[in-house]
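Below is one structure; the comments refer to it alone.
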Amino acid sequence: MSSLKVYNSLTRQKEIFTSLVPGYVGMYVCGPTVSGESHLGHARPYITFDVVYRYLQYLGYKIRYVRNITDAGHFEEEGREAEDKISKKAVIEKLEPMELVQKYTNLFHWAMEQFNTIAPSIEPTATGHIVEQIVMIEKIIEDGYAYVANGSVYFDVEKYNTDFAKKGMPYGLLSGRVLDDQLDTTRELDNQEEKKNKSDFALWKNAPPEHIMRWKSPWGEGFPGWHIECSAMSTKYLGEEFDIHGGGMDLVFPHHECEIAQSAVCNHKRMARYWLHNNMITINGRKMGKSYNNVIRLSEMFSGSHPILEQPYSPMTIRFFILQSHYRSTLDFGNEALQSAEKGLKRLWEAYEALQKFRVTDTAFNEENLDRELDDKVQKLLAEFDTFMNDDFNTAKVLASMFELVPVINSIKDKHITAGALTSSTFTLLQQKMKTFVEDIFGLKSELQGDYSKLEGVIQVLIELRKQAKAKKDYVTSDAIRKQLLPLGIALKDEKDGNISYSLTS
RNA sequence: GGUCCUGUGACCGAGUGGCUAGGUAGAGCUCUGCAAAAGCUUCCACAGCGGUUCGAAUCCGCUCGGGACCUCCA
């Protein structure tokens with residue numbers, strides 16, 4: 001079998017993945033800032049890395065997946081006073097900062113559950129690791145790569161760049177930036193006069209009196225800078241050097257660049273070996289984001305309550321939609337695209353469920369029925385699942401292969417293909433492999449909720465009545481039963497063999 | 001302005017220089033009391049202009065268009 005290759009942002013090429021410790025993988029993914037409700041854009045990284053996580057498990061790795069919750073307020077510079085955005089909003093909403101943070105954390109967890117993502121192994125919060133961050137900052141100061149100014153601490157980017165460039169780790173390595181080119185392009189920021197250079201970034205910010213979120217530190221009361229939490233928590237839970245660091249492409253600079261610098265000073269290591277970045281979801285070609293005023297919250301997606309939405313879109317539809325593209329490409333949102341995804345998923349899922357219901361004995365395999373060509377084709381398509389996933393997690397191609405199997409499955413079900421056209425081993429492999437990839441790796445699931453056992457009994461009664469009506473050629477009655485069930489989400493289908501099957505939609 | 005990415009058929013989207021991915025929609029057919037579903041068949045592409053090559057959607061150059069980052073950001 002081919003080995004896993006991943007695109008490493010650091011080297012800008014695909015590399016064969018090997019873990020630092022054989023059999024084990026450490027993965028850190030930048031989590032959400034819980035100062036507001038999650039939007040469609042958030043779905044991309046967490047679904048992408050959920051699949052990465054699941055696939056690595058499939059490959060047999062024992063993996064520790066760390067994803068932080070940023071619940072300590074970072075400061076904003078909207079041309080005004082530096083302000084904790086979390087505490088700012090809390091005042092408006094008359095909520096305690098932690099109450100607000102808890103609310104949005106809960107909403108985030110709810111959305112992630114809807115998407116059927118597996119919870120990370122550790123989900124550390126920034127506020128729960130203030131001590132670790134302070135310790136790290138102290139170390140950076142000791143080593144001479146940070147300085148204190150008016151109760152704030154800044155990272156000395158110039159000095160870092162000068163010293164670490166010699167070690168092959170200049171500042172800007174990940175994002176492809178050259179520090180000297182940057183000096184003029186940095187925008188005017190608050191408290192700029194405190195910094196030695198514009199490119200320096202805050203490790204610790206002095207809290208103004210009105211600031212609600214604040215902690216005691218050697219430099220006075222304040223709060224941590226934007227980047228230090230990830231360095232501190234990744235070191236704590238994954239070690240000084242670990243395998244994978246993931247996040248959205250918009251975090252490459254400055255966030256990840258700063259993480260690398262902080263960790264390099266403290267640990268003298270290169271932090272993460274593979275940097276994986278997902279691309280953005282766009283809407284009308286534009287990134288979804290607060291600043292563009294085009295945010296669709298996940299709760300709005302699920303309920304269809306946003307003016308731009310023609311209908312609600314279920315979590316699985318969105319998950320499938322995301323899986324249909326490659327994670328490093330932009331993905332353009334649109335009603336038409338989502339509706340296509342919804343229908344495609346339905347077709348795939350129904351074929352999948354039908355497949356799982358088969359017993360191998362149903363196929364009645366024997367030499368006469370064997371269709372060698374078809375058998376080879378199925379085997380080839382199944383083998384491609386692994387090949388494509390190994391090629392930087394190309395879920396789009398795997399889905400394409402799955403859709404080539406759908407007509408085969410449906411043809412067996414509808415008896416267009418002779419039972420037993422496939423060898424029983426191929427058929428078993430088809431069932432197993434589809435189950436593994438559809439459910440275990442892609443994380444797709446049925447969206448029917450609750451207990452349908454009673455309803456199923458009721459439907460069987462109606463089906464029986466309809467059968468009797470049909471036998472008497474009483475089509476008025478039989479059509480009425482079918483027609484009235486449809487708006488209730490129960491679709492009856494007359495099968496070839498005279499049976500009536502049904503499918504439920506939520 | 002700097003750095004980088006990108007432009008594929010009605011829409012979304014994959015794509016290793018040679019084998020017209022796939023999904024949805026459209027058209028036709030089969031099955032069917034009708035319907036739905038399913039199956040089969042089918043139409044519609046590689047922004048433009050040059051270049052390299054036996055051969056380019058894929059490599060190179062230019063032009064035009066879109067986007068990301070340089071500020072919190074998934």
Side-chain angles (χ1 to χ4, degrees), chain A residues 12 29-33 35-36 38-49 70 73-79 85 172 175-178 181-182 184-190 199 226 246-255 257 277-282 284-292 320-321 324-326 328-348 350-351 354 388 391 394-404 406-411 413-417 470 473 475 478-479 482-483 486 491-496 501 503:
Chain A
R12 285 150 219 274
V29 175
C30 286
T33 303
S35 62
S38 311
H39 58 76
L40 179 60
H42 291 101
R44 190 96 191 259
Y46 306 128
I47 288 174
T48 297
F49 288 103
T70 300
H74 292 154
F75 52 88
E76 283 179 321
E77 307 91 5
E78 291 290 290
K85 69 179 169 188
S175 56
R177 277 155 219 269
V178 179
D181 299 344
Q182 291 249 136
D184 300 332
T185 60
T186 309
R187 221 212 207 159
E188 209 49 51
L189 300 173
D190 280 331
S199 51
W226 336 328
M249 272 185 188
D250 50 350
L251 297 179
V252 171
F253 190 90
H255 185 57
E257 206 68 74
H277 292 102
N278 63 276
N279 215 319
M280 305 290 103
I281 286 184
T282 58
N284 295 323
R286 177 145 287 163
K287 175 185 166 183
M288 188 169 293
K290 261 177 275 185
S291 28
Y292 295 115
F320 178 83
F321 175 64
Q324 258 191 321
S325 71
H326 188 265
R328 279 191 295 110
S329 303
T330 54
L331 174 57
D332 201 41
F333 164 86
N335 280 292
E336 229 182 320
L338 259 295
Q339 283 158 15
S340 302
E342 185 180 75
K343 286 178 188 166
L345 172 61
K346 185 168 184 280
R347 195 160 84 92
L348 177 69
E350 285 181 359
F388 294 151
D391 186 13
N394 199 328
T395 53
K397 281 191 135 191
V398 175
L399 279 175
S401 294
M402 283 182 183
F403 272 106
E404 290 202 56
V406 165
V408 177
I409 294 165
N410 284 333
S411 294
K413 173 174 156 265
D414 291 345
K415 309 207 168 30
H416 291 132
I417 291 178
K470 276 184 75 178
K473 296 214 190 303
Y475 295 124
S478 70
D479 285 356
R482 186 174 62 195
K483 208 185 251 175
L486 197 59
L492 299 185
K493 295 175 199 170
D494 294 342
E495 299 292 340
K496 284 260 172 58
S501 67
S503 63

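Naming: A, B, ... by sequence-line order, numbering from 1 per chain.
- Using N1 to N3 plus N6-O4 or O6-N4 for Watson-Crick, or N1-O2 and O6-N3 for G-U wobble, each under 3.5 Å, G39(B) pairs with C29(B).
- The partner of G7(B) is C64(B), judged by Watson-Crick or G-U wobble contacts that both fall below 3.5 Å.
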Could you list all N or O pairs between the protein and nucleotides 15-21 of chain B that sit under 3.5 Å apart?
{"from": "G15(B)", "atom 1": "OP1", "to": "N394(A)", "atom 2": "ND2", "distance (Å)": "3.2"}

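- Using a 4.0 Å heavy-atom criterion, one finds that M288(A) contacts the bases of the nucleic acid, with or without backbone contacts as well.
- Not a single ring-ring contact (aromatic ring centres under 6.0 Å, His included) links H326(A) to another residue, sequence neighbours left out.
- Annotation: of the two residues near RNA chain B, L399(A) and E336(A), the 5′-most nearest-nucleotide partner is E336(A).
- The partner of U20(B) is absent, by the rule that a Watson-Crick or G-U pair needs both atom distances under 3.5 Å.
- Heavy atoms of I417(A) sit nowhere under 4.0 angstrom from any nucleic acid atom.
- The phosphate of A74(B) (OP1 or OP2) has no side-chain N or O of R44(A) nearer than 4.0 angstrom.
- For T33(A) and A74(B), the shortest distance from a side-chain N or O to OP1 or OP2 is below 4.0 Å.
- The residue H277(A) sits apart from the nucleic acid: no heavy atom pair falls under 4.0 Å.
- In this structure, Y292(A) reaches the A68(B) phosphate: one of its side-chain N or O atoms is under 4.0 Å from OP1 or OP2.
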Nucleotide by nucleotide, 5' to 3', does protein get under 4.0 Å of the base (B), only the sugar-phosphate (S), or neither (-) in nucleotides 33-39 of chain B, counting heavy atoms? BBBBSSS
